[in-house]
Amino acid sequence: MAVTSADIRRTLKEFFGYDGFKGDQEEIIKDLTDGKDCFVLMPTGGGKSLCYQLPALLMDGTAIVISPLIALMKNQVDAIRGFVAGNESIAHFLNSSLSRPQVEEVKNDIQEGRTKILYVAPESLTKGENVAFLRTIKVSFYAVDEAHCISEWGHDFRPEYRRIRPIVDTIGRAPIIALTATATPKVQSDILKNLGIPD
C-alpha cells in the first residue's frame with residue numbers, strides 16, 4: 001500500500017510532535033517510502049535521523065540502520081522508544097554488548113513483527129548468523145548512518161563499511177538511504193559508487 005503525504009504528516013505529528021518538516025526531510029521521506037535509494041547530506045542537528053525513523057514506522061517490515069557507534073545506537077533506540085510510549089519492542093540494537101538471551105529476545109521481537117527499526121554495527125551486520133537471520137525477515141529499507149565511513153578519502157574510514165553493499169545483496173534488496181553530515185565531493189562520489197546509489 002502506497003504511503004501518502006497525509007500519512008507522513010500524520011505520523012510526524014503523532015509520534016514526533018512536530019507540525020512541519022525542516023529542509024528536504026519530507027521529500028527524502030517520500031522518496032524512500034516510494035522505494036527509491038537516497039543520499040542525504042545534512043548538517044549535524046539538521047534532522048537526519050527523522051529521515052529514516054519516520055518511514056520505518058510507516059513501511060512494512062523492519063528497517064536496518066547501520067551505525068558505527070554502540071553508544072549512539074543506545075541513545076537512538078531510547079529516543080524512539082520515548083516517542084512510542086509503552087512499546088519497548090519498536091526499536092532494538094544488535095551488537096557485541098548484548099548477551100545471548102538478549103540477542104534471542106531481539107530476534108523474536110523482529111520475527112513477531114513488533115520491531116520497526118533495528119540498529120546494527122557494520123561488524124554485526126557481516127556476521128554469518130546475523131546475515132542468515134536477516135534473510136528470514138522482511139526488510140523495509142537499509143539506512144547507512146555516518147556514510148562517510150565508507151570512503152577511504154574520508155576522515156573516519158571503516159573497512160567494514162565497504163562490505164555493506166555485498167551483504168545487503170545477500171540479505172535481500174530493499175531501498176538504501178545513506179546519511180552523513182560531512183562529505184567532500186570525492187567522498188560523496190565514493191559513497192554513491194560503493195552503495196550502488198544512482199547519482
Side-chain angles (χ1 to χ4, degrees), residues 1 3 6-22 25-26 28-30 32-33 38 40 42-125 127 129-130 133-134 136-147 149 164 171 174-181:
M1 196 175 78
V3 174
D7 294 330
I8 291 169
R9 287 186 167 270
R10 188 182 66 250
T11 304
L12 179 73
K13 181 66 177 171
E14 183 182 339
F15 290 103
F16 300 93
Y18 300 133
D19 291 314
F21 290 97
K22 287 200 275 192
Q25 283 177 326
E26 186 170 15
I28 292 161
I29 289 165
K30 191 76 182 81
L32 190 57
T33 57
C38 307
V40 178
M42 204 178 272
T44 302
K48 284 194 305 298
S49 52
L50 187 78
C51 296
Y52 59 79
Q53 289 171 347
L54 192 154
L57 297 175
L58 281 170
M59 293 167 74
D60 285 338
T62 302
I64 309 296
V65 181
I66 298 140
S67 172
L69 300 171
I70 286 175
L72 192 64
M73 288 183 210
K74 181 161 187 345
N75 290 346
Q76 295 268 23
V77 166
D78 288 345
I80 294 166
R81 288 174 176 173
F83 294 137
V84 188
N87 186 354
E88 292 284 295
S89 310
I90 195 85
H92 278 301
F93 55 80
L94 201 53
N95 60 39
S96 57
S97 73
L98 299 182
S99 66
R100 175 58 59 187
Q102 287 173 316
V103 168
E104 291 310 315
E105 185 184 332
V106 169
K107 289 181 175 179
N108 187 53
D109 278 347
I110 294 167
Q111 282 176 320
E112 295 289 327
R114 291 191 285 263
T115 302
K116 299 304 288 177
I117 305 182
L118 177 69
Y119 287 85
V120 294
E123 295 83 356
S124 298
L125 184 73
K127 276 189 182 163
E129 65 176 292
N130 290 338
F133 169 71
L134 294 172
T136 68
I137 68 161
K138 172 154 181 61
V139 176
S140 53
F141 61 87
Y142 300 90
V144 183
D145 206 5
E146 310 295 343
C149 294
I164 290 172
I171 294 167
I176 291 184
I177 178 169
L179 310 101
T180 181

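It should be emphasised that the depicted structure is a prediction, and the values quoted were computed from it without experimental measurement.
Considering only heavy atoms from C-beta on, P175 stays 4.5 Å or farther from Y142 through its side chain. Taking the side chain as every heavy atom from C-beta outward, T62 and V139 never approach each other to under 4.5 Å. Taking the side chain as every heavy atom from C-beta outward, N130 and L94 approach each other to under 4.5 Å. Two residues are said to be in side-chain contact when any heavy atoms from C-beta on lie closer than 4.5 Å; F93 and V65 fail this criterion. Using a 4.5 Å heavy-atom cutoff, the side chains of I64 and F141 are not in contact. Side-chain contact between T33 and L54 is absent, with no heavy-atom pair separated by less than 4.5 Å.
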Identify all side-chain donor-acceptor contacts of residues 115-122 below 3.5 Å with residues at least two apart in sequence or on another chain.
| from | atom 1 | to | atom 2 | distance (Å) |
| --- | --- | --- | --- | --- |
| T115 | OG1 | S89 | O | 2.7 |
| K116 | NZ | M59 | O | 2.6 |
| K116 | NZ | G61 | O | 3.1 |

Show me, pair by pair, the donor-acceptor contacts under 3.5 angstrom made by side chains of residues 69-86, not counting sequence neighbours?
| from | atom 1 | to | atom 2 | distance (Å) |
| --- | --- | --- | --- | --- |
| K74 | NZ | D78 | OD2 | 2.9 |
| Q76 | OE1 | Q53 | NE2 | 3.0 |
| Q76 | NE2 | Y52 | OH | 3.4 |
| R81 | NE | E88 | O | 2.8 |
| R81 | NE | A91 | O | 3.2 |
| R81 | NH2 | E88 | O | 3.3 |
| R81 | NH2 | A91 | O | 3.0 |
| R81 | NH2 | H92 | ND1 | 3.2 |

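Residues A174 and S140 approach most closely at CB-O, 3.9 Å, considering heavy atoms. Across A147 and T180, no two heavy atoms sit closer than the pair N-CB, 4.0 Å. In this structure, Q25 and C51 approach most closely via the heavy-atom pair CG-SG, 3.9 Å. Closest non-hydrogen pair, Q102 versus L98, comes out as OE1-CA, 3.4 Å. Smallest separation of non-hydrogen atoms from A181 and K48: CB-NZ, 3.7 Å. Here the shortest heavy-atom pairing between I29 and L50 reads CD1-O, 3.9 Å.
Side-chain N/O atoms of T11 and E14 include no donor and acceptor closer than 3.5 Å.
Salt bridge absent: K138 and D60 never bring a charged side-chain N and a carboxylate O closer than 4.0 Å. By the 4.0 Å N-to-carboxylate-O rule, R100 lies close enough to E104 to be salt-bridged with it. Using a 4.0 Å cut-off between a side-chain N of Lys or Arg and a carboxylate O of Asp or Glu, K107 and E112 do not qualify as a salt bridge.
Side-chain atoms of K13 never come within 3.5 Å of backbone atoms of G20 as a donor-acceptor pair (strictly under, hydrogens ignored).
Under a cut-off of 6.0 angstrom, the local environment of CZ in F16 is crowded, with over 12 non-hydrogen atoms contributed by other residues, nucleotides or ligands.
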